[in-house]
Amino acid sequence: MFLAIKELKHGKLRFLMIGVITVLIAWLVFILSGLGNGLSTLSAATFKNMDANYVTFEDGSRASMSRSLLSELLAEKLESQPNVSAASAMGATMGTVLNNSDSETNEKVDIAILGITPDSFLEPNVFDGKPLQANKPLEVIANETLKKKGFKIGDTLKIEGSLEKMKIVGFVKNETYNHLPAIFTTLDKWRSIQFAAPGSNKGIEKPVNAIMLQGENIDSEKLNQLFKNTETVTKSTAVQGMPGYKEENGTIMMMLAFLLAISAFVLGVFFYVLTLQKSNQFGILKAIGASNRFLGRAIVSQVFLLSFISIAAGILLTYGTALILPDEMPFSLDLKLVILYALLLLVISILSSLVSVRKITKIDPLQAIGRME
Amino acid sequence: MSGIQFKNVSKLYQQGENQVLALDEISLTVEQGEFIAVIGPSGSGKSTFLAIAGALLHPSKGEVILNGKNLNELKPKDLAQLRLEEIGFILQTSNLVPYLNVLEQLLVVKRMAGKLAKADKEYAKELLQSLGLAAKLGKLPEQLSGGERQRTAIARAFMNNPSIILADEPTASLDSKRAHEVVQLIANEAKTRNKAAIMVTHDERMLEYCDKVYQMEDGRLKHDDSNSYEKLKAISTKG
């Protein structure tokens, strides 16, 4: 540590340059992770937030709500199965709404309309207003995004291309579905919007898109056999089945992986060149008795210090960036993810310095004598 | 036995298809309290000799016994330890760590050995004071003159209280006043603290401080008793 700190102080410019590179890499890694996290929240927050463990879809729908159509009556039968503590149905459709009460703001808003059973485990808590009521099918609760867009409690929503109208009675937080703000309504109301065209329900009684199950260790294989034409998957599989979810995440993860690999090489090369430059110096230190261990520790602790400070600076910059990013930008930093990537970067930079440590062990102290005959 | 002993030491270098015999059956004993010089033209094998004495190079044949330890039998890790504890290397002027100040140059030697005690710091300061560097403790090598750098290098070599002192051209790039001071310091340390000291040099002005002078030529070492300084010394001690 002693040599490491002394040298950092002495070669400020040199280490500042490497530090800046590390800061930039860290910054980009955190921004990408924030973006990835934000996108996946936007895509599937409602699924991620719901207090369910398994989801039952129609067979062949490959865990996608939009491809699946079941009868709500199935929920009761599923609920009586072993390990299933509760089951509740959900329907989803996309739509565009207008604010009918406020003629000034005639901006249209794209939304996801989710049909649920009021007071079931699928209904999120309202932070403003009141929850859904089964006997008041006109009332809906909406994600706070709509509040930010100027909608108020008591406002009437007019759904485009339909005669249906709804009244906002409450707001919920962090409920987005398929990249759109979610509006929760009763299943009946949802059906009247979704299956307005005759025959579109394929003759299924009380159609829904999927049935969410609560309960640990549910035997999905058994459920699949027991209920023909169904397919029960875990919640995380259902999240993966959200439209675009896998693709978005995959893209971001690929960028992150490349970035981390590149950073390993860039940092590794920098430290290696620095070490080469100092090889005569290390030779002298070895000649007067420094062990490989002593010199290796000096290098690793130097890299550790430099990376630690740079990554910390990168985190600060990322949180600073988050403050100035526009609200619409799907950016959300998850502290756990930030810490994970910070540790990963730290490990990568230390691993990349090991090439230099290996070089040190090969430096011949004879160099110190200088002029071998 | 203490001190350093060469027993029929040879060193062969492979250069392409040719073999170069850098050292040829060298036998030599340097006792504690003895200061010897090895002189010779460049290419005579002086540096190879010093590198082998300093446990930096393995002989091709023969043995080197340092304070009773046969260097051939030690592992690389133990050799580093031995260099740290038993050998004080005085290298050429520029060979200080560029980003450490004068005091730290000495303390880093203690850190290599493990913990740095408060007493070590005091000892380092005393050592530097005795070498006339008390006012330069916080200076970096680039802020020192050639003589000051060399004295720092000497202080560093003495820091671990080694039993063997090896000096590689310690007077190169010094003016003659500084050169005399530097060699006197080494001679003094060898005498007063009972160390075996070997100096490899080109500089014939410095031989008056040495007990014995060896001439190296084509890898052979021979005791040069014709050396006038030694004779002078012998006469002066008699008288």
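In what follows, every chain begins at residue 1, and chains take the letters A, B, ... in the order their sequences are listed.
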Checklist entry - What residue among B:Arg156, B:Arg83, B:Gln105 forms side chain to side chain contact (heavy atoms under 4.5 Å, CB included) with A:Ile288? => result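 Filter result, single survivor: B:Arg156.
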
Answer yes or no: does atom [atom1] of [X] have more than 12 heavy-atom neighbours from other residues, nucleotides or ligands under 6.0 Å?
| X | atom1 | value |
| --- | --- | --- |
| A:Phe265 | CZ | no |
| B:Tyr123 | OH | yes |
| A:Lys359 | NZ | no |
| B:Asp78 | CG | yes |

Side-chain heavy atoms of [X] within contact of [Y], under 4.5 Å:
| X | Y | answer |
| --- | --- | --- |
| A:Lys6 | B:Val108 | no |
| B:Val97 | A:Glu7 | no |
| A:Leu3 | B:Leu100 | yes |

How many angstroms lie between atom [atom1] of [X] and atom [atom2] of [Y], to the nearest 0.5 angstrom?
| X | Y | atom1 | atom2 | result |
| --- | --- | --- | --- | --- |
| A:Ser291 | B:Lys77 | OG | NZ | 8.5 Å |
| B:Arg111 | A:Phe294 | CZ | CZ | 8.0 Å |
| A:His10 | B:Glu142 | NE2 | CD | 4.5 Å |
| B:Leu84 | A:Lys286 | CG | NZ | 14.0 Å |

For a quick test of reading the model, state the closest non-hydrogen atom pair linking [X] to [Y] and the distance between them.
| X | Y | value |
| --- | --- | --- |
| B:Ala80 | A:Ala290 | CB-O, 4.2 Å |
| A:Leu366 | B:Ala51 | CD2-CB, 3.3 Å |
| A:Pro365 | B:Leu56 | CB-CD2, 3.5 Å |

Next on the checklist: Heavy-atom cut-off 4.5 Å, strictly under: side chain, backbone, both or neither for B:Leu79 against chain A?
Outcome noted: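 B:Leu79 has no heavy atom closer than 4.5 Å to chain A.
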
Checklist entry - In terms of heavy-atom proximity below 4.5 Å to chain A, should B:Pro98 be classed as side chain, backbone, both, or neither? => result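 The answer is both parts of B:Pro98.
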
